[in-house]
Amino acid sequence: MNRKQLEKLGVPAAVVAVALRGVGRAVNAGGGVRGGALREQVAAVLATPHDYSQDQLWGEFAQSLVALNDLPQREPIAYRVWEATSPADAIDRAAHRQMADACRVPAAVGAALMPDAHVGYGLPIGGVLACANTVIPYAVGVDIACRMKLSVLDLPAETLTTRRSHFKEALLGGTRFGVGVEHHPKQQHAVLDADWSVTRITREKRDTAWKQLGTSGSGNHFVEFGELILARRDESLGLDAGRYTALLSHSGSRGVGAAVCATYSQIAQRLLPAGYADLGRLAWLSLDSEEGQAYWAAMNLMGDYAAANHAVIHRLVTKRLGAHVVAGVENHHNFAWKETHDLEGAGSREVVVHRKGATPAAAGVLGVIPGSMGSPAFVVRGKGVAASLASAAHGAGRRMSRRAARDRFRFAAEQRRLADAGIEVLSAGADETPGVYKDIHAVMAAQTDLVEVLARFDPKIVRMCGDGSRAED
DNA sequence: ATGTGC
């Protein structure tokens with residue numbers, strides 16, 4: 001086992017080196033412990049370190065864990081969990097451990113874990129954390145303002161079948177995928193006139209942002225056409241019951257957002273108090289500090305930039321299609337907002353709510369929750385549940401790593417299977433095949449108290465980043 | 001998720 005595997009199991013960074021020595025002893029012990037049995041032993045020590053403090057193999061690791069836990073710190077806050085009932089869609093232990101770590105952040109005042117939760121950097125994906133006057137760059141995420149945008153088009157649903165090649169051409173011609181990918185010529189949008197000098201990093205990266213405006217990146221990002229089905233008329237959507245053609249995109253703030261995250265998390269990590277060093281990427285910035293104010297300004301600019309990014313994608317694709325937009329829904333799902341909440345009935349106060357892979361779900365607010373290329377997305381209306389900090393899941397949530405997915409699935413075979421089901425995938429990798437995700441229906445069933453479903457979107461023509469233009473890992 | 005550095 002290596003450092004990465006131990007951290008994935010939930011071993012705090014501060015004691016990984018000690019844990020590695022324990023692993024070495026266990027491997028070299030008579031009979032040699034390996035693989036799954038080794039992981040189980042590490043997990044057992046993590047769960048109840050006091051029971052192992054005199055253990056020949058694990059005593060040193062257990063004592064370090066006890067010492068770490070005994071550091072004088074505040075009592076962690078509690079977090080509420082929404083979770084699918086099916087074991088295959090459950091939230092793994094490592095994501096819980098990350099959420100529990102986030103609850104030790106001194107400024108934390110409210111927390112919740114959504115049913116699509118899985119391990120991320122710092123806060124888990126699907127984590128919601130409210131802090132007093134404090135922002136955590138990695139509780140927003142690397143891809144600041146990663147978001148969804150759905151445009152309902154003035155084309156009959158049947159045209160997705162009868163004019164399929166026309167839709168494919170629009171998708172292939174109007175979108176760009178890949179790490180570092182740019183548009184030539186550069187696209188235009190009013191966000192370029194915003195004040196990019198709010199921080200050094202946004203000032204220096206403005207030209208990169210301009211070149212990348214209207215691109216989709218890699219990973220789980222996609223642009224797809226599908227059929228939107230409304231069971232009844234909805235006034236907030238402004239649509240009658242029926243079947244529609246719709247365009248759905250998932251993208252964010254590209255390289256510039258990642259640079260903002262890296263810059264300000266590094267500053268925050270240098271400022272971490274010694275007793276909290278193991279919180280690592282959960283490092284925070286006070287909004288009273290110059291750095292905190294700078295991050296907040298840059299984050300909000302990235303929010304506008306990511307929204308513009310989607311607007312350009314939809315503009316380019318619908319123009320090639322010759323279609324017009326008759327309705328739309330969009331939302332950030334990696335962001336932080338200043339909101340007023342009544343936490344634990346202690347009265348209303350303004351807090352910073354981080355949603356990292358979580359959909360804003362205040363009462364009446366519309367959002368889009370995608371499943372996968374082979375399963376539906378849902379247009380939802382929030383119910384404003386206080387205990388979830390007015391949040392919901394942002395998707396199905398991964399159930400296996402990208403590497404595990406590439407070992408298990410072959411994309412060409414998955415592509416044929418999807419084609420048989422009437423879904424044409426123009427490009428993607430095996431690590432985004434439907435089987436790598438939890439069951440979106442199980443995830444939606446776990447949050448019926450948080451959101452109401454208004455419409456269902458079935459993907460028909462999908463474009464994601466192909467294998468030729470992605471990073472190795 | 002990203003793009004640079006190994």
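- Listed by first then second residue, pairs satisfying side-chain hydrogen bond (donor to acceptor under 3.5 Å, both in side chains) with a partner in residues 108-131 of chain A read A:D116-A:H394, not counting sequence neighbours.
- Put simply, CG on A:N220 is 12 Å from C1' on B:dT2, counting in whole angstrom units.
- For the residue pair A:S375 and A:S372, a side-chain donor N or O sits within less than 3.5 Å of a side-chain acceptor on the partner.
- Going from atom OH of A:Y138 over to atom C1' of B:dT2 covers 10 Å, rounded to whole Å.
- Between the P atom of B:dA1 and the NE2 atom of A:H394 lies a distance of 8 Å, rounded to the nearest Å.
- Under 4.0 angstrom from either OP1 or OP2 of B:dA1 there lies no side-chain N or O belonging to A:R254.
- Taking 4.0 angstrom as the limit, A:H221 places a side-chain polar atom (N or O) nearer than this to OP1 or OP2 of B:dT2.
- Between A:K205 atom NZ and B:dT4 atom C1' the separation is 9 Å, expressed in whole Å.
- Rounded to whole angstrom, the span from the CD atom of A:E432 across to the C1' atom of B:dA1 amounts to 11 Å.
- Residue pairs satisfying the salt bridge (Lys or Arg N to Asp or Glu O under 4.0 Å) criterion with at least one member in residues 250-267 of chain A, sequence neighbours excluded, are absent.
- For A:R398 and A:Y437, the positive end sits near the middle of the six-membered ring, less than 6.0 Å away and at most 45° from its axis.
- Atom CE of A:M148 is separated from atom P of B:dA1 by 13 Å (rounded to the nearest Å).
- Put simply, CD on A:Q266 is 12 Å from P on B:dG5, counting in whole angstrom units.
- A sub-4.0 Å separation between OP1 or OP2 of B:dG3 and a side-chain N or O of A:Q212 is present.
- Look at OH on A:Y121: it is 12 Å from P on B:dT2, rounded to the nearest Å.
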